[in-house]
Novice: 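Have a look at this one.
Below, chain A is the first sequence line, B the second, and so on; all start at residue 1.
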Amino acid sequence: MSGARKKPPTLAEIYETLLNAYGPQGWWPLLEHNGTNPTKTGSITGYHPGQYDFPKTERQRFEICIGAILTQNTAWINVERALFVLEQMDALTPEGLGALRDDQVRMAIRPAGYFNAKTRKLRELAAFHTALNGRVPDREELLAVWGVGPETADSIRLYAYGQKEMVVDAYTRRILEHLKLVQPNSKYDDLKGLCINGLPEDLIVYQEFHALLVEHAKRCYARRPFQDNLLR
DNA sequence: AACCAGGACGTGA
DNA sequence: TCACGTCATGGT
């Protein structure tokens, strides 16, 4: 029937549908699984689908933390470029990063935009990471770091430290609003709570759910008017 | 050629 | 609390 509109799917149904459509994503993307200087948009070469034992090293853990900062309001392809340069400069560790001058960091992360602010954010993050001394940070202390907001804190917790922390981002909001599962202007914690309540409390589910929403949004929510033939 | 991209912070009501 | 301006490069 034309014009007929199904009831909005539940979060569990969204997860099932997206997983079935796109398969496991394998986040967080890592340079190790990328290899070359990234030039193409939509590159998913950094993913490691089906493998959930990442990060395998402290270096990878810190790379994820840096990526979480650099990707703030920024396309991932440009973050990859910045990460690639940092790697070439051996700056994907707190020590390596600390050995660079501000102007060197600015140049390295230039493709990721906001290079002045993000240089400071990386400094703050590196200091925090070092002070942690291997301990898993809780959410509150991450939020206390300058430059780390709710999404960045949750991303670091979920993907760098393997904690069951639900991540909400602009894509999550856009999709859930479009499906009328939340009102416009909902707060971060409201969206987060909705996702938590609608999904099994499972690390892999949390990691895949967010990654799947990003993949789906890149395909169907890139430009308005949004046309989501998969979920509605 | 606007518009958008896996936000967060500072400011003034 | 909250709306708004700011930060900046690169793709479409």
Side-chain angles (χ1 to χ4, degrees), chain A residues 14 18 22 25-31 34 37-48 63-86 102-103 105-125 128 139-160 165-178 183-192 195 206-227:
Chain A
I14 291 175
L18 295 181
Y22 305 134
Q25 298 300 293
W27 271 37
W28 187 278
L30 291 162
L31 285 178
N34 198 324
N37 194 342
T39 52
K40 301 187 290 288
T41 57
S43 156
I44 58 166
T45 52
Y47 295 15
H48 40 86
E63 176 187 331
I64 294 171
C65 296
I66 289 183
I69 293 289
L70 293 181
T71 199
Q72 290 173 0
N73 202 36
T74 301
W76 181 254
I77 178 65
N78 296 325
V79 177
E80 284 186 321
R81 294 185 171 119
L83 287 173
F84 185 82
V85 176
L86 288 174
D102 277 0
D103 63 288
V105 177
R106 279 197 298 270
M107 288 305 297
I109 69 173
R110 177 171 222 96
Y114 309 108
F115 48 79
N116 289 308
K118 283 177 177 174
T119 293
R120 178 182 168 195
K121 290 180 183 182
L122 293 185
R123 298 288 196 212
E124 305 267 356
L125 182 73
F128 174 75
R139 191 170 191 266
E140 287 310 309
E141 53 187 348
L142 276 167
L143 288 174
V145 178
W146 190 89
V148 177
E151 186 193 335
T152 306
D154 291 340
S155 292
I156 289 174
R157 291 258 305 158
L158 179 62
Y159 292 110
E165 196 79 68
M166 183 65 67
V167 176
V168 171
D169 68 353
Y171 286 150
T172 312
R173 174 181 300 278
R174 189 177 302 181
I175 292 173
L176 296 187
E177 282 184 3
H178 185 245
Q183 305 171 350
N185 306 326
S186 297
K187 297 171 62 179
Y188 184 96
D189 290 334
D190 295 332
L191 291 163
K192 181 168 175 171
C195 294
Y206 282 22
Q207 292 187 335
E208 289 292 351
F209 181 67
H210 178 241
L212 285 165
L213 286 181
V214 171
E215 177 62 24
H216 185 54
K218 283 178 176 174
R219 299 185 186 219
C220 301
Y221 290 81
R223 200 169 299 274
R224 19 185 114 244
F226 304 142
Q227 188 158 1

Novice: How many Å lie between CZ on A:Arg223 and C1' on B:dA1, as a whole number?
Specialist: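 Atom CZ in A:Arg223 sits about 11 Å away from atom C1' in B:dA1.
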Novice: Looking at residues at least two apart in the chain, or sitting in another chain, which of them share a ring-ring contact (aromatic ring centres under 6.0 Å, His included) with A:Tyr114?
Specialist: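 Checked A:Tyr114 against ring-ring contact (aromatic ring centres under 6.0 Å, His included); zero matches.
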Novice: Return the 5'-most residue of the pair A:Lys187, A:Asn78 with respect to DNA chain C, ranking by each residue's nearest nucleotide.
Specialist: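 Between the two, 5'-proximity favours A:Lys187.
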Novice: How close or far is atom P of C:dT9 from atom CE of A:Met107, stated in whole angstroms?
Specialist: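 Checked: the CE to P distance equals 10 Å.
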Novice: State which residues pass side chain to side chain donor-acceptor pair (under 3.5 Å) with A:Thr172; sequence neighbours excluded, sorted by chain then number.
Specialist: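 Side chain to side chain donor-acceptor pair (under 3.5 Å) check on A:Thr172 returns A:Asp169.
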Novice: In whole angstrom, what separates A:Ile109's CD1 from B:dG7's C1'?
Specialist: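 One finds 14 Å between C1' of B:dG7 and CD1 of A:Ile109, rounded.
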Novice: Run the side-chain donor-acceptor check on residues 146-154 of chain A: report pairs under 3.5 Å with partners two or more places apart or on a different chain.
Specialist:
unit_1: A:Thr152; atom_1: OG1; unit_2: A:Gln72; atom_2: NE2; d: 3.0
unit_1: A:Asp154; atom_1: OD1; unit_2: A:Arg139; atom_2: NE; d: 2.6
unit_1: A:Asp154; atom_1: OD1; unit_2: A:Lys192; atom_2: NZ; d: 3.2
unit_1: A:Asp154; atom_1: OD2; unit_2: A:Arg139; atom_2: NH2; d: 3.2
unit_1: A:Asp154; atom_1: OD2; unit_2: A:Tyr188; atom_2: OH; d: 2.6
unit_1: A:Asp154; atom_1: OD2; unit_2: A:Lys192; atom_2: NZ; d: 3.2

Novice: P atom, C:dG5 versus B:dC4: distance in rounded Å?
Specialist: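 Those two atoms are separated by 16 Å.
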Novice: Side chains of A:Leu18 and A:Glu215, heavy atoms from C-beta outward: is any pair under 4.5 Å?
Specialist: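 With C-beta onward as the side chain, the pair stays apart.
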Novice: In chain order, what residues pass the salt bridge (Lys or Arg N to Asp or Glu O under 4.0 Å) check against A:Arg174, with sequence neighbours excluded?
Specialist: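 Salt bridge (Lys or Arg N to Asp or Glu O under 4.0 Å) check on A:Arg174 returns nothing, list empty.
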Novice: How many whole angstroms separate atom NZ of A:Lys218 from atom C1' of C:dG11?
Specialist: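 Spelled out: NZ on A:Lys218 to C1' on C:dG11 is 13 Å.
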Novice: Between C:dA8 and B:dG10, how far is it from one P atom to the other, in whole Å?
Specialist: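 These two P atoms come out 14 Å apart once rounded.
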Novice: Using whole Å, what does the distance between atom P of nucleotide C:dC2 and atom CG of A:Asp190 come to?
Specialist: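 My rounded result for the distance is 10 Å.
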Novice: Nearest-Å distance, CZ (A:Arg106) to P (C:dT9)?
Specialist: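 Atom CZ in A:Arg106 sits about 12 Å away from atom P in C:dT9.
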Novice: Looking at residues at least two apart in the chain, or sitting in another chain, which of them share a side-chain contact (heavy atoms from CB on, under 4.5 Å) with A:Asp103?
Specialist: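 side-chain contact (heavy atoms from CB on, under 4.5 Å) check on A:Asp103 returns A:Arg101, A:Arg106.
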Novice: For A:Phe84 and C:dT9, give me the distance from atom CZ to atom C1', rounded to whole Å.
Specialist: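 Those two atoms, CZ and C1', are 19 Å apart.
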Novice: Tell me, for nucleotides 8-13 of chain B in 5' to 3' order, what letter each nucleotide earns: B for a base near a protein heavy atom under 4.0 Å, S for only sugar-phosphate near one, - for neither?
Specialist: SSS---
Novice: Got a sec, which residues hit side-chain contact (heavy atoms from CB on, under 4.5 Å) with A:Gln183, two or more places apart in sequence or on another chain?
Specialist: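 So A:Gln183 forms a side-chain contact (heavy atoms from CB on, under 4.5 Å) with A:Ser186.
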Novice: For nucleotides 4-8 of chain C, tabulate all protein N/O to nucleotide N/O atom pairs closer than 3.5 Å, reporting atom names and distance.
Specialist:
unit_1: C:dA8; atom_1: OP1; unit_2: A:Tyr114; atom_2: O; d: 3.4
unit_1: C:dA8; atom_1: OP1; unit_2: A:Phe115; atom_2: N; d: 3.4
unit_1: C:dA8; atom_1: OP1; unit_2: A:Asn116; atom_2: N; d: 2.7
unit_1: C:dA8; atom_1: OP1; unit_2: A:Ala117; atom_2: N; d: 3.1
unit_1: C:dA8; atom_1: OP2; unit_2: A:Asn116; atom_2: ND2; d: 2.9
unit_1: C:dA8; atom_1: O4'; unit_2: A:Tyr114; atom_2: N; d: 2.9
unit_1: C:dA8; atom_1: N6; unit_2: A:Tyr114; atom_2: OH; d: 2.1
unit_1: C:dA8; atom_1: N1; unit_2: A:Tyr114; atom_2: OH; d: 2.8

Novice: How many whole angstroms separate atom CH2 of A:Trp76 from atom P of C:dT12?
Specialist: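 One finds 18 Å between P of C:dT12 and CH2 of A:Trp76, rounded.
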Novice: For A:Phe209, which residues count as a ring-ring contact (aromatic ring centres under 6.0 Å, His included) partner, sequence neighbours excluded?
Specialist: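 With sequence neighbours excluded, A:Phe209 shows a ring-ring contact (aromatic ring centres under 6.0 Å, His included) to no residue whatsoever.
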Novice: Can you confirm whether A:Ile175 sits close enough to A:His178 that some side-chain heavy atom of one is under 4.5 Å from a side-chain heavy atom of the other?
Specialist: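 Not in contact.
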Novice: Just call it for A:Arg174: base, sugar-phosphate, or nothing, with non-hydrogen atoms closer than 4.0 Å on any strand.
Specialist: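 Sugar-phosphate, backbone atoms only, no base.
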